[in-house]
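Following: one structure in structure tokens, then a few remarks.
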2 protein chains.
Amino acid sequence: MSRPASTIPKIDTRERILDVALELFVAQGYDKTSLREIAEQLGVTKAALYYHFASKDDILLALHGRLHELLRETTEGLGEAGPWRPGAFANALRRLIGEVISNEKLFQLHERNRAAFEKLHQSEQHTAMHSDLEVRIRELLADTGLPVRTRVRTACALGAVTFGIMLPGDAFADIDRQVLAELLSEAIDDLLETD
Amino acid sequence: MSRPASTIPKIDTRERILDVALELFVAQGYDKTSLREIAEQLGVTKAALYYHFASKDDILLALHGRLHELLRETTEGLGEAGPWRPGAFANALRRLIGEVISNEKLFQLHERNRAAFEKLHQSEQHTAMHSDLEVRIRELLADTGLPVRTRVRTACALGAVTFGIMLPGDAFADIDRQVLAELLSEAIDDLLETD
DNA sequence: GTCTATATTTCGATAGAC
DNA sequence: GTCTATCGAAATATAGAC
């Protein structure tokens, strides 16, 4: 423990802000959540948030960064350059299932606030902050050189994983996460490896 | 044409408002779209909107009604009472593909503004305005009497159709809608009729 | 049915004390 | 690092003339 006592933060307020914001953005939506609400639930005032973040968008951007980091670790070294082969996507998706399950909220944030992220995407110069995965999926779906069937089924597989974990909410509360992961992986197989 | 000339509306302004609102709500999101924007694109003022609708939420509710009507027509007589058997769901889903394709915007509205709809859902007393389809899907997913595999795959099939049509956006612009419908139907088969 | 105001509220953001 | 206080902008909604 070489850190001087004077610089120890309360308990990393910045991260606590992000945790609360994530919770509220998922539950109510980004736009319908005010900074006042976040601050109240945290026991501080709005102004305090502005010490840690430059703007409301900046909070959203930081949460986007969490996902970005997560995807980078998961997908790095999977395909070096150029567009992916469909097989590589299947592998990435399978590998991703576990991450989505153990970071449900983070993915829900993106699924349920697509409009907000798109606006962030175009206005800010957070260039090259796109996740590789996201870009490559787009490339794969739009690649007219691939069989149409492959492209459509790729989208289906993506939807299957997304809905299989996020749509049901409480409806799948009784299902073991490990079992769920295996069933989803199996579904991906059926969608992407039929000929 | 028995309608008296004096009661002929300009061109059914109410419907035109809904059309513009649908377009903007999908493109920018419900919260980020102001009534001023809707009015401007329509060539009228904000106040005019309030003649036709009681509130902004009321506009969203009317659009929800459009979908409700659509689903009612599509699913009526499919299963009379009680929860659905999985097979009945597969049929409903297959039947639904065409509707989703030819009413893309309407479904996108719901997919991209789930937060707004949920708030509408709980605050307003638009009780019993839930679509049968929606309720029954929930029942099916949460039915602990069914095999877990069936429940998970039901969610997958739903996601496959949703993402297959809505996620890609322009990426599938080159794909014929009829072909797309057949490929999705095929994917549903693979997901729901494997043993 | 549509207009010109205007009321009312809420929110994001800033300034400056502590 | 957090507070009080406030500004300015934008949005929803209303009142009343035409």
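Throughout, a chain's letter reflects where its sequence line sits, starting with A, and its residues are numbered from 1. This one's a predicted model, so the numbers in the text were calculated from it and none came from an experiment.
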Using atom CD1 of B:Ile17 as one end and atom P of C:dG1 as the other, report the distance to the nearest whole Å.
10 Å
Counterpart residues, ring-ring contact (aromatic ring centres under 6.0 Å, His included), relative to B:Phe163 (two or more places apart):
A:Phe163
Can you confirm whether the side chains of B:Glu37 and B:Gln41 place a donor and an acceptor under 3.5 Å from each other?
no
Strictly distance-based, threshold 3.5 Å: is any side-chain N or O of B:Ser185 a donor or acceptor partner for the main-chain N or O of B:Ala181?
no
When you measure from the centre of the six-membered ring of B:Tyr30, is the NZ or CZ of B:Lys56 closer than 6.0 Å and no more than 45° off the axis?
yes
B:Lys32 NZ - C:dT10 C1' separation (whole Å)
16 Å
Would you indicate what B:Thr45 reaches in the nucleic acid, counting non-hydrogen atoms under 4.0 angstrom: base, sugar-phosphate, or nothing?
base
For every nucleotide of nucleotides 13-18 of chain C, 5' to 3': is a protein heavy atom under 4.0 Å from its base (B), only from its sugar-phosphate (S), or from neither (-)?
BBB---
Once you round it to whole Å, what is the distance between P of C:dG12 and CD of A:Glu37?
9 Å
So that I can tick it off, tell me whether B:Arg138 and B:Glu134 are bridged by a salt bridge, with the cut-off set at under 4.0 angstrom between side-chain N and carboxylate O.
no
Between A:Tyr51 and D:dT2, is there a side-chain N or O to OP1/OP2 distance below 4.0 Å?
no
Round to a whole Å and report the spacing from CD of B:Glu40 to C1' of C:dC3.
15 Å
Which nucleotide sits closest to the side chain of B:Arg36: D:dT2, D:dA11, C:dC11?
D:dA11
Rounded to whole angstroms, how far apart are CG on B:Asp31 and P on C:dT10?
16 Å
Atom pair distance, as rounded to whole Å: CZ in A:Phe53 and P in C:dG12:
15 Å
Round to a whole Å and report the spacing from CG of B:Asp12 to P of C:dG1.
9 Å
In terms of side-chain geometry, is the basic nitrogen of B:Glu69 or B:Arg72 positioned less than 4.0 Å from the acidic oxygen of its partner?
yes
